[in-house]
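Worth saying up front: this structure is predicted, and the values here are computed from it rather than measured. The sequence lines fix the lettering, A, B, ..., with proteins before strands; numbering per chain opens at 1.
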Amino acid sequence: MPQKWLIKSEPSKYSIEDLKRDKKTLWHGVRNYQARNLLRDQWKVGDILLFYHSNAEPTGIFGIGKVSKIGVADPTQFDSKSDYFDPKASKETPRWFAPEVSYIEKFSQPITLDDLKNEKSLKDMAVLKKGNRLSVQPVSEDEFKIISKMAR
DNA sequence: GCCAACGTTGGC
DNA sequence: GCCAACGTTGGC
C-alpha cells in the first residue's frame, strides 16, 4: 500500500490546474529541513499526494497526484538567479531535493479547509493542527479513505 | 494586510 | 549552546 502525503502549494505559484496541464513537475523549492527529510527519506515512487492549496480562496484539497521519481537534486539550489538559490549547496553534496510529481485527478469540487474541520473523524489530521506550517505532511490510510469518500 | 506561530541565523 | 532578532508561512 503506497504511503499517502499532503503537499501544500500556493495556487498563485503552482496550482492543481498547472499540474493537470503539465502532467508532471519537479516539486522544487522545499527549503524546510523537516519537509525535506520526509520527501528525501520517506517518499517512494507510487506514493499518493493530496494537493492542497494554501493562501487561496478557498483553501483546501483540490486533487490528487503521485510521486513518479525520487532522488533528484533540486536544480534551483544551484541557480544563483533563482529565489531558491542556496550558496551552501554544491552538486557533490546537494542539500535540497525535488521529487517528480505526476497528475492523477482534480476533484470536481475541492474539499475546503472548512469541510475538513467539519469532519469529526479528521480532527487529528496534521494539517488541521494549529500552527502546523509544514508543506509536506503524512496522511494516514484512514484519513485518506475519508477524504476519498468526501471527494465523490 | 495583519499577525501568530513557528524556523533559521548569527553574535556572544 | 543560548537566545534575540529576523524571516516565513498561511489562515483570516
Side-chain angles (χ1 to χ4, degrees), chain A residues 3-22 24-43 47-67 70-101 103-140 142-144 146-151:
Chain A
Q3 173 68 50
K4 317 299 192 290
W5 307 94
L6 180 143
I7 54 174
K8 294 182 189 168
S9 182
E10 298 195 17
S12 59
K13 300 200 176 112
Y14 199 84
S15 71
I16 189 77
E17 278 299 331
D18 294 325
L19 183 61
K20 185 177 184 181
R21 180 199 61 220
D22 297 343
K24 59 186 183 178
T25 190
L26 272 189
W27 202 252
H28 69 276
V30 172
R31 292 294 180 272
N32 169 286
Y33 288 103
Q34 229 183 315
R36 178 206 67 182
N37 292 347
L38 288 175
L39 61 79
R40 181 190 62 184
D41 304 335
Q42 300 206 32
W43 280 25
D47 280 2
I48 299 297
L49 303 166
L50 296 172
F51 199 112
Y52 182 91
H53 283 183
S54 62
N55 269 323
E57 185 50 53
T59 59
I61 299 168
F62 277 67
I64 297 181
K66 67 179 178 201
V67 179
I70 54 173
V72 186
D74 183 340
T76 60
Q77 70 192 306
F78 309 124
D79 177 2
S80 59
K81 291 188 290 295
S82 167
D83 286 345
Y84 299 111
F85 178 60
D86 184 342
K88 294 186 185 134
S90 70
K91 295 247 161 100
E92 295 71 37
T93 54
R95 188 180 277 210
W96 308 108
F97 294 83
E100 186 188 79
V101 168
Y103 175 77
I104 293 183
E105 87 171 282
K106 182 190 171 197
F107 293 157
S108 52
Q109 288 280 99
I111 302 169
T112 65
L113 184 57
D114 278 345
D115 294 336
L116 296 173
K117 284 178 179 165
N118 288 334
E119 177 55 53
K120 285 201 180 63
S121 53
L122 292 176
K123 66 175 167 35
D124 293 326
M125 203 177 168
V127 73
L128 300 178
K129 299 281 187 213
K130 197 180 177 192
N132 193 338
R133 302 177 309 167
L134 206 57
S135 64
V136 175
Q137 305 181 354
V139 173
S140 78
D142 282 348
E143 288 163 353
F144 182 75
I146 293 161
I147 288 162
S148 303
K149 209 171 281 177
M150 290 166 78

Report summary line: A:Arg95 CZ to B:dT8 P, in whole Å, measures 11 Å
Requested in this report: Would you check if the distance from the ring center of A:Phe51 to the ring center of A:Trp5 is below 6.0 Å?
Outcome: no
Query raised in the report: A:Asp114 has an atom CG; how far is it from atom P of C:dC12, in whole Å?
Result: 7 Å
Query raised in the report: How long is the line joining CD of A:Gln34 and C1' of B:dT8, in whole Å?
Result: 13 Å
Query - From C:dT8, C:dG11, B:dT8, nucleotide with atom closest to A:Leu113 side chain - result: C:dG11
Query raised in the report: Think A:Lys8 has a side-chain N or O under 4.0 angstrom from the OP1 or OP2 of C:dT9?
Result: no
Query raised in the report: Does the base of C:dT8 carry an N or O that pairs as donor and acceptor with the side chain of A:Arg133 under 3.5 Å?
Result: yes
Requested in this report: Specify the separation, in whole Å, of atom CD of A:Glu57 and atom P of C:dG10.
Outcome: 16 Å
Requested in this report: Report, as yes or no, whether the 6.0 Å neighbourhood of atom CD on A:Gln42 holds more than 12 heavy atoms from other residues, nucleotides or ligands.
Outcome: yes
Query raised in the report: Is the phosphate of C:dG11, meaning OP1 or OP2, less than 4.0 Å from a side-chain N or O of A:Tyr52?
Result: yes
Query - Short side-chain N/O contact to C:dC12 OP1/OP2 from A:Lys117, under 4.0 Å - result: yes
Query raised in the report: If only side-chain N and O atoms of A:Lys130 are considered, is one of them under 4.0 Å from the OP1 or OP2 phosphate oxygen of B:dA4?
Result: no
Query raised in the report: Which whole-number value in Å describes the distance from A:Asp86 CG to B:dG7 C1'?
Result: 15 Å
**Report entry** With A:Arg95 via salt bridge (Lys or Arg N to Asp or Glu O under 4.0 Å) - residues at least two apart
**Finding:** A:Asp86
**Report entry** Of the listed nucleotides C:dC12, B:dG7, C:dG10, the one nearest the side chain of A:Asn55
**Finding:** C:dG10
Query raised in the report: Between A:Asn32 (CG) and C:dG7 (P), how many Å, whole number?
Result: 18 Å
Report summary line: The nucleotide from C:dG11, B:dG7, B:dT8 with an atom nearest the side chain of A:Tyr33 is B:dT8
Query raised in the report: Any side-chain donor-acceptor pair under 3.5 Å between A:Thr76 and A:Asp79?
Result: no
Query - Euclidean distance, atom CH2 of residue A:Trp96 to atom P of B:dG7 [Å, nearest integer] - result: 13 Å
Query raised in the report: Does the side chain of A:Ser140 pick up a donor-acceptor pair with the side chain of A:Asp142 at under 3.5 Å?
Result: no
Report task. Give the rounded distance in Å between these two atoms: NZ of A:Lys88 and C1' of B:dG10. Result -> 10 Å
